[in-house]
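Heads up: the structure comes next, in C-alpha cells.
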Amino acid sequence: MVQKLDNLMESPSQTAGPYVHIGCTPNFLGNAGIYPVDLGASAIREGAKGEIITITGHVRDGSGMIMRDAMIESWQPDAEGLFPSANETRGKADPNVLGWCRFAADFDSGDWTLRTVKPGPVPHIQGMMAPHISLWIVARGINIGLQTRIYFEDEAEANARCPILNRIEHRARVNTLLAKKTGDGTYRFDIVLQGEDETVFFDL
Amino acid sequence: MTETSPTTGPLFPRDRFWHPPAYTPGYKTSMTRAPSRPLVATSSTLSEETGPAFGRDMLGERDNNLILNFTGQPAIGERIIVHGRVLDQSGRPVPNVLIEIWQANAGGRYRHQKDGYLAPLDPNFGGCGRTISDDQGRYEFLTVRPGAYPWPNGTNDWRPMHIHFSVFGSGFGQRLITQMYFEGDPLIPRCPIVRTIPSQEAIDSLVAPLDMNGGIPMDALAYKFDIVLRGRRQTMFENRLEGL
Ligand SMILES: [Fe+2]
C-alpha cells in the first residue's frame, strides 16, 4: 500500500442535450421573462479597439447534416493579446472587449455568427500563439464539450510559428482551423464533427 | 477560512478514461457527432487558463428560485432545495463562479419547441435558474423535482429525473456541462446517457443524496450536489523549458 493522493476526480461530463437553450439562451429560444438578456450576447462593446470582424459558420455532423441544436461559446483576448480575465497578470485588457460570447445555431439555417475584434497573439512557453479564438461546442449527442480554435488564413506567418498549430502532425488538417476571408472584415468558419474535413479538436 | 482554488497556473489534464468517450453507440446520436480522429492534446495555455468572470450584480433576485422565477406564481411539483459546493480537483472551494441549471417540469416536460411530450407545460415553470458560488464555493437553488421522461433512442428509453448543470471555473478550459441525478432513482442504471460514463464510481459522483438536514421541515426536501472542476498545478518549477 502507498499513501493516498488528495486529488478528487473531475465531475464527469454529460451531454448538454437538445434543450440546452432553456438554461443558456432562454431569450433566443423565446422563453423571455426570466433573464433580461441572454448571457454572452456579445463579445465586445461599442468602442472596442482593433479590427471588428464577423465570423459565420455552421456545425455539421458525420452524416453531413447541419446541426440546428449546437451551442458554442468563444473566448479570446483583445487586439493586443490581453485577456479580459480577473487572472490576466500581464496588463489590463481593453474594457470594451468582453472576450466571452455564447451563440446558438439558428433553428432554421443552422448558421451561427460571432461579431468581435480580431484577437492579438498570445505568448506560450514555446513562442507566440497566432491570433485565435477558442471555441467550446456542445449539443445533443456530444458527450463532452469539444474544444477547437478559430485561426485566420490571413495570418500565415504567425500561424506557421504557432506552437499549438505545430502540434498537429497531419499538416493538411491545419486548414480545418483557418477562418476563410469572405470579404472586408468577414470570415467563414464551418465546423465538421466527423468524417472528411473533420475539424481538429483539442484536449488542452 | 479555507484556502480557495488558485486562479492561475496550468490546468490538470482531463482524464479521458473517466469522462464518457465521444463515441457511445448506446446513445445513438453520439455516433455521428463524435470526432473520429484523436484529439490534439497538449498542456493548457493562457487561452484555457484565463476565462470570463461574472459579478453578482447581474443576478436577479429570483434567479436561483425556479419555483417563482417565471411568473411569480408558484410552479407545481415537489419543492426541493439543491445545494452543494464547487470544488477543484485539489478539494479547494471555487468561489464566485457562475452555475446555470435547466430542467423539465414536474411532469417531465421541457419548455422548448423541440419537446412534444404528452405531459403538459406548467404555465408557472420556465425551467432555468442561475447563481454564483459564494466565497466558500457554495451554491443553492430552490426548484421542483423534475419528472422522468421518455426520449427517442431505444424503443422505450426514459431519462431518470435529472437537472442539467453548466459550470464555469476561473479558466475557460474548466468549462463543464453535466447532469445531476437523484438518489434511489431506478431509471439511473437503465439510462443510455448515464451509461456513456465508463465507471460506476464516476456515475455515482453525479447522484445527489437526499439531505434531510439541508431541507426545511414542512417546506422542502434537499439534495446535495458537489461539482468538481479541473484543478491547477501549483509547482514552483513551472513554466520553464529545460535548457532554454
Ligand atoms: Fe434533460
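To find a chain, count down the sequence lines: A is the first, B the second, and so on, and within it residues start at 1.
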- Presence of salt bridge, A:Arg149 and B:Glu48, under 4.0 angstrom: yes
- Quick one: sort the B:His162 and B:Tyr149 rings into parallel, tilted or perpendicular, breaks at 30° and 60°. tilted
- Note on the structure: So, the part of B:Thr50 with a heavy atom under 4.5 Å from chain A: the answer is both
- Item | Among the listed options A:Phe107, A:Trp100, A:Trp75, the residue most often paired with chain B at heavy-atom distances under 4.5 Å | A:Trp75
- Item | Contact class of A:Glu169 relative to chain B, heavy atoms under 4.5 angstrom | neither
- Atom group of A:Asp6 that falls short of 4.5 Å from chain B, counting heavy atoms: backbone
- Under 4.0 Å between a Lys/Arg side-chain N and an Asp/Glu carboxylate O for B:Asp157 and B:Lys28? no
- Message: Less than 4.5 Å to any heavy atom of chain A: does that hold for the side chain of B:Leu176, its backbone, both, or neither?
- Response: both
- Item | B:Glu100/A:Arg102 ion pair, N-O < 4.0 Å | yes
- Task: Output the distance between atom CZ (B:Arg85) and atom CD1 (B:Ile227), rounded to the nearest 0.5 Å.
- Result: 11.5 Å
- Task: Tell me, for B:Pro52 versus chain A, whether the close heavy atoms (under 4.5 Å) come from the side chain, the backbone, both or neither.
- Result: both
- Could you pull out the closest heavy-atom pair between B:Thr131 and B:Phe141, with the gap in Å? CG2-CZ, 3.5 Å
- Given a strict heavy-atom distance threshold of 4.5 Å, which part of A:Ile144 is in contact with chain B: side chain, backbone, both, or neither? side chain
- Message: I need the single residue from B:Val228, B:Val167, B:Asp88 that forms a side chain to side chain contact (heavy atoms under 4.5 Å, CB included) with B:Val94. Which is it?
- Response: B:Asp88
- Heaviest contributor of heavy-atom pairs below 4.5 Å to chain B, chosen from A:Leu146, A:Val192, A:Ile34, is A:Ile34
- Task: Decide whether B:Asn124 and B:Thr71 meet the rule of one side-chain donor and one side-chain acceptor closer than 3.5 Å.
- Result: yes
- What part of B:Tyr181 is in contact with chain A, defined as an atom under 4.5 angstrom from a non-hydrogen atom: side chain, backbone, both or neither? side chain
- Shortest non-hydrogen contact between A:Gly185 and A:Glu51, atoms and distance: CA-OE2, 4.1 Å
- Message: Quick check on A:Phe83 against chain B: is it the side chain, the backbone, both or neither that has a heavy atom closer than 4.5 Å?
- Response: side chain
- Note on the structure: All heavy atoms of B:Thr32 vs all of A:Gln194, minimum pair found to be CA-OE1, 3.6 Å
- Residue pair A:Glu10, B:His19: steps toward the side chain to side chain donor-acceptor pair (under 3.5 Å) verdict: CA-CA 8 Å; A:Glu10 189 185 6; B:His19 285 284; 2.7 Å; yes
- Message: Under a 4.5 Å cutoff for heavy-atom pairs, which residue among B:Lys114, B:Arg230, B:Arg14, B:Arg175 has the most contacts with chain A?
- Response: B:Arg175
- Engaged part of B:Glu49 at the chain A interface, taking heavy atoms whose separation is under 4.5 Å: backbone
- Item | Largest heavy-atom contact set with chain A, pairs under 4.5 Å, which of B:Phe70, B:Phe12, B:Tyr23, B:Phe168 | B:Phe168
- Given a strict heavy-atom distance threshold of 4.5 Å, which part of B:Arg130 is in contact with chain A: side chain, backbone, both, or neither? both
- Task: Test side chain to side chain contact (heavy atoms under 4.5 Å, CB included) on B:Arg232 and B:Ser170 and set out the steps.
- Result: CA-CA 10 Å; B:Arg232 288 182 187 262; B:Ser170 52; 3.0 Å; yes
- Message: For B:Ala202, which atoms come within 4.5 Å of any heavy atom of chain A: side chain, backbone, both, or neither?
- Response: both
- Please look at A:Arg173 and chain B and tell me whether the side chain, the backbone, both or neither of the residue comes under 4.5 angstrom of a heavy atom of that chain. side chain
- Looking at A:Gly141, A:Gly62, A:Gly195, which has the largest count of heavy-atom pairs under 4.5 Å with chain B? A:Gly141
- Compute the ring centroids of B:Tyr117 and B:His112, then answer whether they are less than 6.0 Å apart. no
- Note on the structure: Applying a strict 4.5 Å limit to non-hydrogen atoms, the region of B:Gln179 in contact with chain A is both
- Task: Measure the OG1-CZ distance between A:Thr113 and A:Phe103 for me, rounded to the nearest 0.5 Å.
- Result: 8.5 Å
- Winner by heavy-atom pair count (cut-off under 4.5 Å) against chain A, out of B:Leu39, B:Thr42, B:Thr45: B:Thr42
- At a heavy-atom separation under 4.5 Å, does B:Pro198 approach chain A through its side chain, its backbone, both, or neither? neither
- Assert top hit (heavy-atom pairs under 4.5 Å, partner chain A, pool B:Gly51, B:Ser166, B:Ser44, B:Ala22) equals B:Gly51
- Message: Shorter than 4.5 Å, heavy atoms on both sides: which option in A:Ala139, A:Gly23, A:Ser85, A:Pro12 has the most such pairs with chain B?
- Response: A:Pro12
- Query: Rounded to the nearest 0.5 Å, what separation is found between the CZ atom of B:Arg159 and the CG atom of B:Asn153?
  - Reply: 10.0 Å
- Message: Counting heavy-atom pairs closer than 4.5 Å to chain A, which one of B:Leu11, B:Ile193, B:Leu229 comes out on top?
- Response: B:Ile193
- Against chain A, label B:Ser43 side chain, backbone, both or neither, depending on which of its atoms sit under 4.5 Å from a heavy atom there. backbone
- Task: Could you look at B:Phe165 and say if it's the side chain, the backbone, both or neither that has a heavy atom under 4.5 Å from chain A?
- Result: neither
- Message: At a heavy-atom distance under 4.5 Å, which candidate from A:Thr148, A:Asp69, A:Thr89, A:Val59 has the highest pair count against chain B?
- Response: A:Asp69
- Just by distance, with hydrogens left out, do A:His21 and B:Arg111 show a side-chain donor and acceptor under 3.5 Å apart? no
- Message: With no hydrogens and no angle check, just 3.5 Å: does a side-chain donor-acceptor pair link B:Arg56 and B:Asn96?
- Response: yes
- Tell me, side chain or backbone of B:Leu46 under 4.5 Å from chain A's heavy atoms, or both, or neither? both
- Query: In terms of heavy-atom pairs under 4.5 Å, which option from B:Gln103, B:Glu201, B:His164 contacts chain A the most?
  - Reply: B:His164
- Message: With a 4.5 angstrom heavy-atom cut-off, is it the side chain or the backbone of B:Asp115 that approaches chain A, or both, or neither?
- Response: both
- Message: Between the side chains of B:Arg92 and B:Glu3, is the shortest nitrogen-to-carboxylate-oxygen separation below 4.0 Å, so that they form an ion pair?
- Response: yes
- chain B interface, residue from A:Thr199, A:Val20, A:Ile168, A:Ile133 that has the most non-hydrogen pairs under 4.5 Å: A:Val20
- Proximity breakdown for A:Pro163 and chain B, heavy-atom pairs closer than 4.5 Å: neither
- Note on the structure: When the 4.5 angstrom heavy-atom criterion is applied to B:Ser205 and chain A, the contacting part is side chain
